Each structure stands twice: as structure tokens, then as C-alpha cells.
*Asks:* 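First the structure, then my questions, so here it is.
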Amino acid sequence: MGEHDASARDRVLQVAGAMFAERGFDGVSVADIATSSGISTGLVYYHFKDKQTLYETVVRVGVHLLEEVAVRTLAGDGTPTDRIGAFVFEYMALLEGQPALMRLLIRSVTDLGGPAPQHVLMRSATTIDRVRSVVEEGVAAGDFRELDAHLAATALFALVNTLMTARVLDTPLGQHNGEDLAGQAAFMTDLFLGGIAKCS
């Protein structure tokens, strides 16, 4: 595949991602994507067998970006506390910088009849498992109290994704009273690690 072909493919993926995020799988046709990409419908089909394959590819590319963040931060250097903080910030920063990606992922898991929810849910489970490993390290090192590491990792994943969903969809839950992303990420990390109850 030549450089021109690769750039056309990348352009199709970018345009399709934005359109699927906005209108859902059923609300977008291959012709819509071709027109918005400035290429022929035939060229879209040259790169992708059909609309479902294109959609699944867009979702896989987006999920891969999130997995890269998880691998880089959770398997990196530093204490378990440092790595969890880095994961929360970088994961939130990626989604903040690519709101269409968050919308696409929301649509892909809420449309259970659609073509990609199983892949997103499986990859989310992999990310949760990476967080679980770091929590277990923290427990073994005496940094964290004894707890169900998988449930804790699931709670962190849900906490971060709920906030980012609210921010991206611009709902009242996403209002942050002027606090920047780094401040919110630090708050979420502190909340996860320390809870809200007063220590006695």
C-alpha cells in the first residue's frame, strides 16, 4: 500500500470515527463517509470490506489508543500510587483530547445489537486487569490495605469513565467548577486511594 493509499485510509478512519460517534452505526452510510472524506465510495471499499468492517476498525483503533495509555502508565516505573495517578491523568487527557472517541465508545457499548460492543468490553476488562495487578502490588508492598483488587480496579475504571462521559457529553455531571483536567485527575486519584471518610 502506497503513501497515498495509507493517507486515504487514515482520512477515512478519522472521518468515519467522527461520524459514527455523532450519528451511530445505523445513522451513517459508506457514501456519507466517502463524501466527507473527499474520496470515492469505491476507494472506501478498497480499504474496508464493508461498513461493519470499517466501524469495527475505527473502534479497534480507538481502543488501542486507550490500551497504549494503560500499558505505558501501569507497567512503567514508580510506585503503585504513582502509576495509578499517571494512568488516571493520561487516560482522562486522551479522552478529553478526543471527545469523539469517548462518544464512539459510549455508542458502541450501549448499542448491544451493534457490531462492536463485545470487543470494547473485552478490552475494558483487560485494562481493569492491568489496574488490578498494580493494586495487588500496592497491597503486597503494604501501600494499600487488604481488599478485593479486582473490584477496586473496576471501581476506578468506572469512576474515571463516568466523569469523562459526563465531560464529553457536556452534562451537569461533567461540570467541574473551573477545575482543570489535571486537578480533576488528581482528585479522582486521591478519592480512589484515600476515600472520603475521615480517618479516626
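Quick caveat: nothing in here was measured; it's all calculated off a predicted structure.
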*Asks:* May I have all residue pairs that pass salt bridge (charged side-chain N to carboxylate O under 4.0 Å, His left out) and include part of residues 141-154, sequence neighbours excluded?
*Replies:* none
*Asks:* Applying side-chain hydrogen bond (donor to acceptor under 3.5 Å, both in side chains), which residue pairs with at least one partner in residues 86-95 are found, sequence neighbours left out?
*Replies:* Arg72-Glu90, Tyr91-Asn161
*Asks:* Which pairs pass salt bridge (charged side-chain N to carboxylate O under 4.0 Å, His left out) with one or both residues in residues 151-160, sequence neighbours excluded?
*Replies:* none
*Asks:* Test side chain to side chain donor-acceptor pair (under 3.5 Å) on Thr53 and Asp50; report intermediate values, then the result.
*Replies:* CA-CA 5 Å; Thr53 302; Asp50 53 26; 2.7 Å; yes
*Asks:* By the definition side-chain contact (heavy atoms from CB on, under 4.5 Å), identify the one residue from Thr73, Val131, Leu156 that meets it with Val88.
*Replies:* Leu156
*Asks:* How far apart are the closest heavy atoms of Ala70 and Thr127, and which atoms are they?
*Replies:* CB-CG2, 4.0 Å
*Asks:* So among Leu193, Val135, Val134, which one has a side-chain contact (heavy atoms from CB on, under 4.5 Å) with Pro80?
*Replies:* Val134
*Asks:* Over 60° means perpendicular and under 30° means parallel, so tell me whether Phe25 and Phe20 are parallel, tilted or perpendicular.
*Replies:* parallel
*Asks:* Can you measure from CD1 (Ile33) to NZ (Lys51) and round to the nearest 0.5 angstrom?
*Replies:* 7.5 Å
*Asks:* Could you give all pairs that pass the salt bridge (charged side-chain N to carboxylate O under 4.0 Å, His left out) test and reach residues 15-36, with sequence neighbours left out?
*Replies:* Arg23-Asp32
*Asks:* Provide the closest heavy-atom pair for Ala100 versus Ala21 in the form atom of the first, atom of the second, distance.
*Replies:* O-CB, 3.2 Å
*Asks:* Identify the heavy atoms of Met92 and Val160 that sit nearest to each other, and give their distance.
*Replies:* CG-CG1, 3.6 Å
*Asks:* For the residue pair Ala16 and Val58, what are the closest heavy atoms and their distance?
*Replies:* CB-CG2, 4.0 Å
*Asks:* Taking only residues two or more places apart in sequence, or in another chain, which ones meet Glu137 in a side-chain hydrogen bond (donor to acceptor under 3.5 Å, both in side chains)?
*Replies:* Arg83
*Asks:* Of all heavy-atom pairs between Ala152 and Phe192, which one has the smallest distance, and what is that distance?
*Replies:* O-CE1, 3.1 Å
*Asks:* If I take atom CE from residue Met102 and atom CG from residue Leu104, how far apart are they, to the nearest 0.5 angstrom?
*Replies:* 10.0 Å
*Asks:* Quick one: do Val71 and Leu101 end up in the same hydrophobic cluster if we chain Ile, Leu, Val, Met, Phe, Trp and Tyr together by side-chain heavy atoms under 4.5 Å apart?
*Replies:* no
*Asks:* What pairs of residues pass the salt bridge (charged side-chain N to carboxylate O under 4.0 Å, His left out) test when at least one of them lies in residues 152-162, not counting sequence neighbours?
*Replies:* none
*Asks:* If the condition is side-chain hydrogen bond (donor to acceptor under 3.5 Å, both in side chains), which residues does Thr81 pass it with, not counting sequence neighbours?
*Replies:* none
*Asks:* Should Leu191 and Leu151 be regarded as members of a common hydrophobic cluster, given that ILVMFWY residues are connected when their side-chain heavy atoms come within less than 4.5 Å of each other, either directly or indirectly?
*Replies:* no
*Asks:* Distance from Tyr46 atom OH to Arg9 atom CZ, nearest 0.5 Å?
*Replies:* 11.0 Å
*Asks:* Can you measure from CZ (Phe157) to OG1 (Thr162) and round to the nearest 0.5 angstrom?
*Replies:* 10.0 Å
*Asks:* Is the backbone of Ser37 close enough, under 3.5 Å, to the side chain of Arg11 for a donor and an acceptor to pair up by distance?
*Replies:* yes
*Asks:* Return all side-chain donor-acceptor pairs below 3.5 angstrom for residues 62-69, not counting sequence neighbours, or 'none' if the list is empty.
*Replies:*
residue	atom	partner	partner atom	Å
His64	NE2	Glu68	OE2	3.1
Glu67	OE2	Arg123	NE	2.5
Glu67	OE2	Arg123	NH2	2.9

*Asks:* Got Phe87 and Ile84 here, is their nearest side-chain heavy-atom distance under 4.5 Å?
*Replies:* no
*Asks:* Can you list the residues that meet the side-chain hydrogen bond (donor to acceptor under 3.5 Å, both in side chains) rule with Gln98, with sequence neighbours excluded?
*Replies:* none
*Asks:* Got a sec, which residues hit side-chain hydrogen bond (donor to acceptor under 3.5 Å, both in side chains) with Arg132, two or more places apart in sequence or on another chain?
*Replies:* Asp129, Glu136
*Asks:* Run the side-chain contact (heavy atoms from CB on, under 4.5 Å) test against Ala31 and tell me which residues pass, sequence neighbours left out.
*Replies:* Ser29, Thr41
*Asks:* Rounded to the nearest 0.5 Å, what's the gap from CG on Asp190 to CD1 on Ile196? Could you check?
*Replies:* 13.5 Å
*Asks:* Taking only residues at least two apart or on different chains, which pairs with a member in residues 123-153 satisfy ring-ring contact (aromatic ring centres under 6.0 Å, His included)?
*Replies:* none
*Asks:* Going from CG on Leu105 to CE on Met164, what distance comes out if it is rounded to the nearest 0.5 angstrom?
*Replies:* 11.5 Å
